[in-house]
Chemist: 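Supplied in structure tokens, the structure appears directly below.
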Protein chains: 2
Amino acid sequence: MENLKTKILSYTKVDMDVLEREMKKYTRITLRKGDTLLEPGHVAAHMYYLEKGCISYHKEEEGEIKVLEFYTEDVYFTDLLSYVNQTPSKYYLKALEACVVLAVDKQRLERSFANSHQLERFGRLSMQEGFTKLLSRVERMSIRSNEERYLRLVEKRPDLFQRVPNYLIASYLGITPVGLSKLRKRLSKV
Amino acid sequence: MENLKTKILSYTKVDMDVLEREMKKYTRITLRKGDTLLEPGHVAAHMYYLEKGCISYHKEEEGEIKVLEFYTEDVYFTDLLSYVNQTPSKYYLKALEACVVLAVDKQRLERSFANSHQLERFGRLSMQEGFTKLLSRVERMSIRSNEERYLRLVEKRPDLFQRVPNYLIASYLGITPVGLSKLRKRLSKV
DNA sequence: TCAATTTATTAAACCAGTTTAATGAATTTG
DNA sequence: CAAATTCATTAAACTGGTTTAATAAATTGA
């Protein structure tokens, strides 16, 4: 749990005894490639911390996949839309590789926040960080040409191309696998 | 300040004396159409609450406008990327109509959070709400066809079409004004 | 209120990405 | 390890949006 502790402390000071007690609330889950952490119709009851691996946050409708986000090491994630309102999710959280995840359920986490100003503060700041990251994503999505969006992704998250299949990258970029293939070919010619 | 108080209390309980003291930290700013609250190169020093009007959060590069968000009544807003890291902004926050805005500077707000667990909690929950709203935006952006994205916007934020010029709507949707015009014509024919 | 400016529409030529389908490469699994 | 499945590329025909430019409509402001 060292990475998680370090993560929390990177946001704000938390007393060691509080932090140790907090760690006890998390359970470690190991996932094999293809395993599902959340699927449509279910309510997201947990907040997750990704110790190891890569998770896709995506929708599947009419046989089409729409990737909203790829999560990689040392980030918090869940389906926030379902988690916040405790409504059925429309999304999948699926392991793209073998993963190790730390899970804490919402009630417990809320209780921690209520009982400790320090942890509440950590909660606010980590939420803020997630927000700014998503804002960068929107910034990148708002680029009109596929080519520029692709190049930006190569620049910002080069690791994804090693660990995520091409057709999911295409979906993340908002194009078809065929479109991505043509785009790459065009780029390699110049 | 009644709307703002109600907003804060909708997130969590805050003692009246704390709330009243908090209100004193906000200053009311009135903007005329076209006025700028933040421009590129400047650091976002304030968090804002929009009492009245409509604000665009956008970028201007090579004569092209890219709208990331439209803010309307009773939401918090700022350039979070600049605000959080205190780095120069790349964006504009501009009044699309006459606006009334409440502003509080970051230092003061941070001090409030540090001094009051209740306010810290409010900070966390309002950040969470902003996050989920942005997530819905990403969800809508990830729709591939312009037509569906347009119809979704008509459904979700019909008011925007009354108060925002068409070419900004087009930018928000990720297409050109010409493209939007053609799209509307096609839809009206069916 | 009229002139100046900004915004919206239309047209025409063009192009990047889509769809469908086929082939080949790579990965998974019994 | 071979067979089955999944994934990536290519081709061809098509389509929806782009660019550029011109005109019309609406808004602004002197």
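In the text below, chain A, chain B and the rest are named by the order of the sequence lines, each starting its count at 1.
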Chemist: What nucleotide among D:dC7, C:dT7, D:dT9 has an atom nearest to a side-chain atom of A:Pro177?
Modeler: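 Given the options D:dC7, C:dT7, D:dT9, the side chain of A:Pro177 is closest to D:dT9.
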Chemist: Which residue in the set A:Tyr48, A:Tyr91, A:Tyr57, A:Tyr92 passes side chain to side chain donor-acceptor pair (under 3.5 Å) when paired with A:Asp79?
Modeler: A:Tyr57
Chemist: Which is it for A:Tyr49 and A:Tyr26 under the ring pair (Phe, Tyr, Trp, His ring centres under 6.0 Å) test, yes or no, and what are the steps along the way?
Modeler: CA-CA 9 Å; A:Tyr49 177 78; A:Tyr26 286 78; 7.7 Å; no
Chemist: Would you say a side-chain N or O of B:Arg186 is under 4.0 Å from OP1 or OP2 of D:dT15?
Modeler: no
Chemist: Rounded to the nearest Å, what distance is computed from the OH atom of residue B:Tyr167 to the P atom of nucleotide C:dT7?
Modeler: 4 Å
Chemist: Atom CD of B:Glu64 to atom C1' of D:dG17: distance rounded to whole Å?
Modeler: 14 Å
Chemist: Between C:dT27 atom C1' and A:Leu96 atom CG, what is the distance in whole Å?
Modeler: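 Whole-Å distance recorded here is 15 Å.
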Chemist: D:dA11, D:dG17, D:dA8: which one has an atom nearest the side-chain heavy atoms of A:Lys185?
Modeler: D:dA11
Chemist: Examine C:dT18: is either OP1 or OP2 under 4.0 Å from a nitrogen or oxygen in the side chain of A:Thr176? Give yes or no.
Modeler: yes
Chemist: Between B:Tyr76 and B:Glu129, does a side chain to side chain donor-acceptor pair (under 3.5 Å) hold up when you go through it step by step?
Modeler: CA-CA 10 Å; B:Tyr76 271 96; B:Glu129 189 188 344; over 6 Å; no
Chemist: Closest approach to the side chain of B:Ile175, judged atom by atom: which nucleotide of C:dT19, C:dA8, D:dT18 is it?
Modeler: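 Within the option list, the nearest is D:dT18.
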Chemist: Starting at atom CD of A:Glu147, determine the distance to atom P of C:dC15, rounded to an integer number of angstrom.
Modeler: 15 Å
Chemist: How many whole angstroms separate atom CZ of A:Arg163 from atom C1' of D:dC7?
Modeler: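 After rounding, the gap between these two atoms is 19 Å.
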Chemist: Which nucleotide wins on minimum distance to the side chain of A:Asn146, given the candidates D:dT19, D:dA8, C:dG17?
Modeler: C:dG17
Chemist: Once you round it to whole Å, what is the distance between P of C:dA16 and CZ of A:Arg184?
Modeler: 18 Å
Chemist: Which nucleotide in the list C:dA8, D:dG17, D:dA8 gets nearest to the side chain of A:Pro165?
Modeler: D:dA8
Chemist: So, is A:Asn166 close to the D:dC7 phosphate, meaning a side-chain N or O under 4.0 Å from OP1 or OP2?
Modeler: no
Chemist: Find which nucleotide of DNA chain D each of A:Arg144 and A:Leu180 is nearest to by heavy atoms, and output the residue with the more 5' nucleotide.
Modeler: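 Looking at the nearest nucleotide for each, A:Leu180 comes out on the 5' side.
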Chemist: Round to the nearest Å and state the distance from B:Lys182 atom NZ to C:dA12 atom P.
Modeler: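 My rounded result for the distance is 11 Å.
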Chemist: I want to verify a distance call: between D:dT19, D:dG17, C:dT19, whose nearest atom is closest to the B:Leu183 side chain?
Modeler: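 The nucleotide sitting nearest to the side chain is D:dG17.
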Chemist: Ignoring hydrogens and angles, answer whether the base of D:dT28 and the side-chain atoms of B:Lys33 contain a donor-acceptor pair closer than 3.5 Å.
Modeler: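 No, no donor-acceptor pair under 3.5 Å.
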Chemist: Output the rounded distance in Å from CG (A:Leu173) to P (C:dA16).
Modeler: 17 Å
Chemist: Decide whether a cation-pi geometry holds between A:Lys106 and A:Tyr83; the criteria are a distance under 6.0 Å from NZ or CZ to the six-membered ring centre and an angle within 45° of the ring axis.
Modeler: yes
Chemist: State plainly whether the residues B:Glu60 and B:Lys94 are in salt-bridge range, i.e. N to O under 4.0 Å.
Modeler: yes
